[in-house]
Amino acid sequence: MPLTQAVQLDLTGEKRIGLVFPTYDFNLPPALPQLLSRLNISPLSYVFAVITCGSMAGNCVWVLRRLLRDKGIRLAYSHKVSMPDNSALAFGRNPNKQLGKYKRVPARMEQIIREIEAQSHTLHYSWFSLLSWLLGRPAVEKGMIHYLGPKVNPDKCIGCNACVRVCPMNNIRLTDRKAIFGDHCTVCLACVHACAEQAVSTNGHETLPDRQYRHPQIKLKDLFLR
């Protein structure tokens with residue numbers, strides 16, 4: 001279930017809890033620490049994390065372990081799964097040219113499943129990275145959000161509402177049938193990849209249809225939050 005739903009429930013009766021999330025700039029997604037603070041689980045639960053990333057997990061495991069420890073929860077297991085980097089188009093690269101990474105996913109998933117079923121206590125990719133720490137500083141993070149944050153081209157926007165429905169932060173609204181962005185973007189770029197009119201750009205790059213990415217087994221409607 002989405003973490004936004006999980007924080008509204010009492011999960012203290014669950015014996016095994018898994019957290020699955022992507023890396024943002026080699027760190028946790030900005031919204032994750034606040035959501036974790038509201039998560040109601042038992043200290044006796046076997047808690048594991050599976051992280052998706054373009055290449056490196058950065059400080060995700062290191063930071064997650066500290067956040068959970070502050071709640072009296074022990075992170076027992078972690079691993080990563082490398083996937084196409086959907087932020088690549090912000091730097092002029094094509095994430096759809098990284099689809100070869102899918103070939104390595106089944107073997108990694110089999111390993112993860114096997115180790116979780118055995119309740120392995122192994123934190124893969126748990127080391128501290130100074131670069132990831134620097135990228136996670138509030139001033140740097142704010143600058144990157146400003147630099148990489150999505151922008152709407154009102155001449156292209158047709159008010160289809162797709163970006164509103166995929167935004168996990170409720171940061172987009174329609175005004176006069178045009179998308180308007182708020183001030184709490186987490187730069188997940190879901191809106192950039194979801195817009196059929198390529199009306200949302202990032203880092204000054206015009207969005208090209210062949211560079212919009214979505215997992216081949218996922219339809220746009222599967223991503224709609226409401």
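With Cys191 as the partner, the side chain to side chain contact (heavy atoms under 4.5 Å, CB included) test is satisfied by one option alone out of Val152, Val200, Val164: Val200.
Using a 4.5 Å heavy-atom cutoff, the side chains of Met169 and His184 are in contact. Proximity of Leu19 to Leu39: side-chain heavy atoms (C-beta onward) are separated by under 4.5 Å at one or more points. A heavy-atom distance below 4.5 Å is found between the side chains of Arg74 and His121. Within the 4.5 Å cutoff, no side-chain heavy atoms of Pro29 are placed close to those of Cys188. Between Glu197 and Cys157 there is no side-chain heavy-atom pair separated by less than 4.5 Å.
To the nearest 0.5 Å, atoms SG (Cys53) and CZ (Phe21) are separated by 10.0 Å. Within the model, atoms CG of Leu75 and CD1 of Ile17 stand 12.5 Å from one another, a figure rounded to the nearest 0.5 Å. Between Leu3 atom CG and Leu35 atom CG the span is 4.5 Å, to the nearest 0.5 Å. Between the CG atom in Asn94 and the CG atom in Asp85 there is a gap of 11.0 Å [rounded to 0.5 Å]. For the atom pair Trp62 CH2 and Leu67 CG, the distance stands at 9.5 Å (nearest 0.5 Å). Distance check, rounded to the nearest 0.5 Å: CG of Leu89 to OG of Ser201 gives 9.5 Å.
Every residue two or more places apart in sequence or in another chain was checked for a salt bridge (charged side-chain N to carboxylate O under 4.0 Å, His left out) with Lys71, and none qualifies. In this structure, the salt bridge (charged side-chain N to carboxylate O under 4.0 Å, His left out) partners of Glu206, at least two apart in sequence or on a different chain, are Lys156. Checked against side chain to side chain donor-acceptor pair (under 3.5 Å), Gln119 has no partners two or more places apart in sequence or in another chain.
Counting all heavy atoms, side chain and backbone alike, Ser82 lies closest to Ser55 at OG-O, 4.0 Å. A pairwise comparison of heavy atoms in Leu99 and Pro84 identifies CD2-CG, 3.9 Å as the closest pair. Across all non-hydrogen atoms, the minimal contact from Ile172 to Ala179 is CG2-CB, 4.0 Å. In terms of heavy-atom proximity, Pro30 sits nearest to Thr186 at CD-OG1, 3.1 Å.
In terms of hydrophobic clustering, with Ile, Leu, Val, Met, Phe, Trp and Tyr side chains grouped at heavy-atom distances under 4.5 Å, Phe128 and Tyr125 are assigned to different clusters. Under a hydrophobic clustering in which Ile, Leu, Val, Met, Phe, Trp and Tyr are joined whenever their side-chain heavy atoms come within less than 4.5 Å, directly or via other members, Val20 and Met1 fall into different clusters. Leu123 and Val81 are not part of a single hydrophobic cluster, where members link through side-chain heavy atoms under 4.5 Å apart. Residue Ile73 is not grouped with residue Leu44 when hydrophobic side chains (ILVMFWY) are merged at heavy-atom distances under 4.5 angstrom, including chains of intermediate members. Hydrophobic clustering of Ile, Leu, Val, Met, Phe, Trp and Tyr side chains at less than 4.5 Å, counting indirect connections, keeps Leu220 apart from Leu208.
Lys151 contributes no side-chain N or O that, together with a main-chain N or O of Asn203, makes up a donor-acceptor pair within less than 3.5 Å. Panel note: side chain Lys101, backbone Met83; a donor-acceptor pair is recorded below 3.5 Å. Under a 3.5 Å cut-off, the side chain of Gln212 and the backbone N or O of Thr207 do not form any donor-acceptor pair. Looking only at distances, no side-chain donor or acceptor of Asn40 sits under 3.5 Å from a matching main-chain atom of Asp10. Although no hydrogens or angles enter the test, the distance criterion places a donor-acceptor pair under 3.5 Å between the side chain of Arg108 and the main chain of Lys80. In this structure, Ser78 contributes its side chain and His124 its backbone to a donor-acceptor pair below 3.5 Å. Using modelled atom types, one side-chain atom of Tyr46 and one backbone atom of Ser120 make a donor-acceptor pair closer than 3.5 Å. Judged purely by atom type and a 3.5 angstrom limit, Asn96 uses its side chain to pair as donor or acceptor with the backbone of Asp210. A donor-acceptor pair is defined here as one N or O able to donate and one able to accept, closer than 3.5 Å; no such pair exists between the side chain of Glu115 and the backbone of Ile113. Listed for the Arg177 side chain is a donor-acceptor partner under 3.5 Å among the backbone atoms of Ile158.
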Handout entry: Test side chain to side chain contact (heavy atoms under 4.5 Å, CB included) applied to Ile51 and Leu64, step by step
Key = CA-CA 11 Å; Ile51 302 162; Leu64 178 64; 5.8 Å; no
Practice task
Run the numbers on Asn59 and Phe26 for side chain to side chain contact (heavy atoms under 4.5 Å, CB included), then give the verdict.
Solution key: CA-CA 6 Å; Asn59 274 353; Phe26 310 116; over 6 Å; no
Practice task
Could you give me the CA-CA distance, side-chain angles and deciding distance for Val166 and Phe224, then say whether side chain to side chain contact (heavy atoms under 4.5 Å, CB included) is met?
Solution key: CA-CA 5 Å; Val166 300; Phe224 286 161; 3.7 Å; yes
Handout entry: Trace of the side chain to side chain contact (heavy atoms under 4.5 Å, CB included) decision for Ile112 with Tyr77
Key = CA-CA 9 Å; Ile112 291 173; Tyr77 178 86; 3.9 Å; yes
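Around the CG atom of Asp176, the shell of radius 6.0 Å holds no more than 12 heavy atoms that belong to other residues, nucleotides or ligands.
With hydrogens and angles left out, the side-chain atoms of His79 and Gln111 include a donor and acceptor closer than 3.5 Å.
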